[in-house]
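Just so it is clear: chains get the letters A, B, ... in the order the sequence lines come, proteins before strands, and each one is counted from 1. Only this structure's heavy atoms are used, side chains among them; waters, hydrogens and symmetry mates stay out.
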Amino acid sequence: MITKELGKAFESAEAEKRLYEYWLKNKYFHAQDKSDAEPFSIVIPPPNVTGMLHMGHALNNTLQDVIIRFKRMQGYNTLWMPGMDHAGIATQNVVEQKLSREGISRHDLGREEFIARVWEWKEQYGGVIINQLKRLGCSCDWERERFTMDEGLSQAVREVFVKLYNEGMIYQGDYIVNWCPRCHTAISDLEVEFVSDASFLWNIRYPFADGSGEIVVATTRPETMLGDTAVAVHPDDPRYKSKIGKSVILPLMNKEIPVIADDYVTMDFGSGAVKITPGSDPNDFAMAQRHNLEIISVMDGQGIINEHGGRYKGQDRYEARKNVLADLEKEGYLVGTEPYAHNVGQCYRCRTDIEPMVSKQWFVKIKPLAKQAMAAVTKKKTKIVPASWESTYFDWMNNIRDWCISRQLWWGHRIPVWYCDDCSNIIVATVDPDSCPTCGGTSLRQDEDVLDTWFSSSLWPFSTLGWPKRTKALKTFYPTSLLITGFDILFFWVARMMMMGIYIMKDVPFKAVYLHALVRDEKGEKMSKSKGNSIDPLVMIDQYGADAFRFTLTAYTAQGRDVRMSPERIEGYKFFVNKIWNAAKLTLNNLADYDESAPLPAADSLPDIWIKAKLNETIEEVTRSLDEYRFNDATASIYNFIWHEYCDWYLEISKPALYGKVSPGQKQVTQRAMKEVFATMLQLLHPFMPFLTEELWQALNNSDEHSIMVSRFPAVRESWENKVSEKEMETLMEIITSIRNIRGEMRIPPSHKLGVLISAADAAVKTLIETGSGYIVNLSNLASLKVEVNLVEPKGVATGVVGTTRIFVPLAGVVDIAGEKTRLEKELAKVSKDLEQSARKLANSDFRAKAAPEIITKEEAKLKESQEKFSTLEGALKKLKEIAG
RNA sequence: GGGCGGGUAGCUCAGCUGGAAGAGCGCCACGCUUACACCGUGGAUGUCACAGGUUCGAGCCCUGUCCCGCCUACCA
């Protein structure tokens, strides 16, 4: 048969480009809206439109592609839905920075013009990551690519908002929220990151208004005292019981505030009294609501003290802190300062310290949604893998607070709420209203805020499939089969998709979710630009090829473990690619004169049967591993098969047959087996190394008519199972290894062809060895091989033992006898340790009484083997000593 | 403060339901054998963090301790 000639090495860069285009051209990535085949769908975790491919994306998308290609080859109607996220804050930041280089702000442009600029930016620079995903080999259905801000998805957002609003699940109100003074927007609890700050605890004296002494409070944020509206103590605190209801004078502000009692206060912290600033602290805000306290905001949206801050007006919050402290000191109110470590909340986007502020925001009532989302996991409607994440999921859901969904940004889905200036009616609608349905007035103002980006992301599994339209795609692919994502967005995204999917679609968004770990550097540190330890995936692809890179990521993915990426390991798998390439060259070269149509002259030889049995086991392992998302096991299994079974043994042992040194018939039989095994092996490897396998598949078939990616994934074949032949082949392999071992240990030069004698325990073993003698002679470089049943050990030989078989390598004239003596002694020590262990176990009556029968049988066999080996080695040693004298 | 994960060969890590400790890299020796030196053949290397316990049997199960990560939390 004709195969394509292969070059010296796999040219990954050239091949990747060519083959990806080939796949696209043939629409192999495209899923059918309607099909007889069973559907299998995954939605991509949409990368930010501003994003550049980093290691996290590379890992996440490689795993998705592995599963998608695997399922596609298994015959499913496979959809991998791609797309991007509009990333409200991030994108707005990028465009604002660009504008500031031009010397303008978004306010100079106005809202409409600014948004137009963002779209312009998106068209020009946005979505580079899509092309980067293509370089990884991702087989997404690009024809379906969606964007959270596109028309359909925006409609979905409105529909959901209106539905939630109408059903009382969305409300608006003045509450304390996390405010970022730099981004000028509220953010959700999740978007706040806490960092430890080595600061101070300042103790401040608040005198009683009636002059009867004072009360000392401690704070980490003295500047907020400007907005204090109470001092709280524990109701049971004997020190303060009598003071409850009295007033203290707020220093610097000279106003009276009450002393109240609330069991939120911890008696044994500090003085047991705490200042209450409802406008600047969420706990204090809650207390203010319980006690009907006045709520004063002393800062504006930029973190600058406003008119409620008295003489500090106009000062930035850090400057105000300094001045407040100085004044307190000066006026004798500062009692003490102690070093204190506490956590400061920062904006996850820009690292600015968060300022808790009271403002009017929109919220989603979350408890009812969370309840359903938990039930779905409890009832296994959605399976979380690894299951250990379930407790984290439940814990978060149980302690969840209402979701603040409004953002004071311009880029995003504008809240579909209008206010009528004529009758102050509120209109919540999916379509922009022209006039007020209540009074008919036309002066309508739309709410200025946009929605949290995660709001639209939470709809992703159904909005991308066409909802609110009832599309065929939606019917076919929802609920999706699987979600693969990093555990870091379990709350941000996974949990919210669960809630929205169940609420809107009345069904879970995905039947399973696989959470993978984070990619770190070699030292285990999180990769980041600022640390300078990040590895660019694209550089890795350029350097080692996408296949080696993907294989590395997959091989690193053990459940529940961080991925520590190092270029050395990628290089190692590049060597694996090279190994496969060369094995392919050998394979293909030896198929040149193979006539597939010719009748088969003989049955498979022992190595042929063996390699198929091994391949069968590999198919089973790879399939099971992928079914269970045990990615590292899948790669280990296939790596071992290709390198150590196919290359190291099968190809080597088959060479004589392939070179026609056995018989013409045998050559053809081996060609047939080799071709089949090689082709199957490529298919097994395809999900991990799509480019290399496609290239070799086409070379093997000398055609690009049928892509490997739409070929049928190998299935286990009962006819390939053969435990007996496997065992026989293993015996031959062990004999070969034993002779090689003696050669190596005894420093017998490879050029020296040995004459070996083998003693078989019985006629059956003798026949086996004789049948395989060609393999043994060839692979252990022998001049001659003689096999007898119970051969008497000759003098001056090195002895090897394989089960009941004894191998004698004459040493006369080759090496000194002392070397063999050392080798035997070493071997003997090892065996006697095994022997002792087994004997001790079997001598234990409890073991015999309680262990499973098959374990006992196994142990007995082990003992027998050790005993035989021991006596053989001992005998050999004795003989050697006789010679040596 | 709670929760989770981890501590196995020099390094990075596997080890699924408890039954003779594994891989890759590195290391040592030998080798240009007509696919591959990005290779081949052979070899060395472990008180499985520590202390108890359960069990005939523990890297794996239980208890405690010590380190190291991460997540979460309203003690000012």
Once you apply the 3.5 Å cut-off to both distances, tell me the Watson-Crick or G-U wobble partner of [N], or none.
N	answer
B/C70	B/G3
B/A35	none
B/A49	B/U65
B/U55	none
B/A14	none

For the side chain of [X], counting heavy atoms from C-beta on, which of [options] is nearest?
X	options	result
A/Phe847	B/C75, B/A14, B/G19	B/G19
A/Phe575	B/C38, B/A76, B/U34	B/C38
A/Glu745	B/A73, B/G19, B/G43	B/G43
A/Lys579	B/U34, B/G40, B/A20	B/G40
A/Lys858	B/C71, B/C36, B/A20	B/A20
A/Phe269	B/C16, B/A76, B/U34	B/A76
A/Glu652	B/A76, B/C36, B/G42	B/C36
A/Pro750	B/C4, B/G31, B/A35	B/G31
A/Arg564	B/A44, B/C13, B/C16	B/C13
A/Thr266	B/A76, B/A14, B/A35	B/A76

Ring centre gap for A/Phe631 and A/Tyr514 strictly below 6.0 Å: yes
A/Trp643 ring center within less than 6.0 Å of A/Tyr639 ring center: yes
Take the protein atom [atom1] of [X] and the nucleotide atom [atom2] of [N], then report the distance between them rounded to whole Å.
X	N	atom1	atom2	answer
A/Asn582	B/U34	CG	C1'	13 Å
A/Asp237	B/A76	CG	P	18 Å
A/Asn778	B/U33	CG	P	15 Å
A/Ile642	B/C38	CD1	P	20 Å
A/Ile384	B/C4	CD1	C1'	14 Å
A/Tyr629	B/A14	OH	P	20 Å
A/Asp488	B/C70	CG	P	13 Å
A/His644	B/U41	NE2	C1'	13 Å

Taking atom [atom1] in both [N] and [M], compute the distance separating them and give it to the nearest angstrom.
N	M	atom1	result
B/A58	B/G52	C1'	14 Å
B/A9	B/G22	P	14 Å
B/G2	B/A21	C1'	36 Å
B/U54	B/C16	P	24 Å
B/A20	B/G31	C1'	34 Å
B/C11	B/G7	P	14 Å
B/C60	B/A51	P	13 Å
B/U45	B/C36	P	34 Å

Contact under 4.0 Å: A/Tyr573 side-chain N or O vs B/C38 OP1/OP2: no
Is [X] touching bases, backbone alone, or none of the nucleic acid, heavy atoms closer than 4.0 Å?
X	result
A/Thr737	sugar-phosphate
A/Phe576	nothing
A/Glu571	nothing
A/Thr392	nothing
A/Val265	base
A/Phe394	nothing
A/Asp395	nothing
A/Trp202	nothing
A/Lys830	sugar-phosphate
A/Ala851	base
A/Asp648	sugar-phosphate

Using 4.0 Å as the upper bound for N to carboxylate O, is an ion pair formed by [Y] and [X]?
X	Y	value
A/Glu859	A/Lys862	yes
A/Glu620	A/Arg624	yes
A/Arg823	A/Glu820	yes

For [X] and [Y], which I'm curious about, is there any donor-acceptor pair between the side chains at under 3.5 Å?
X	Y	result
A/Asp228	A/Thr277	yes
A/Glu621	A/Thr618	no
A/Asp648	A/His644	yes

The single option from A/Asp593, A/Asn590, A/Thr587 passing side-chain hydrogen bond (donor to acceptor under 3.5 Å, both in side chains) against A/Gln671: A/Asp593
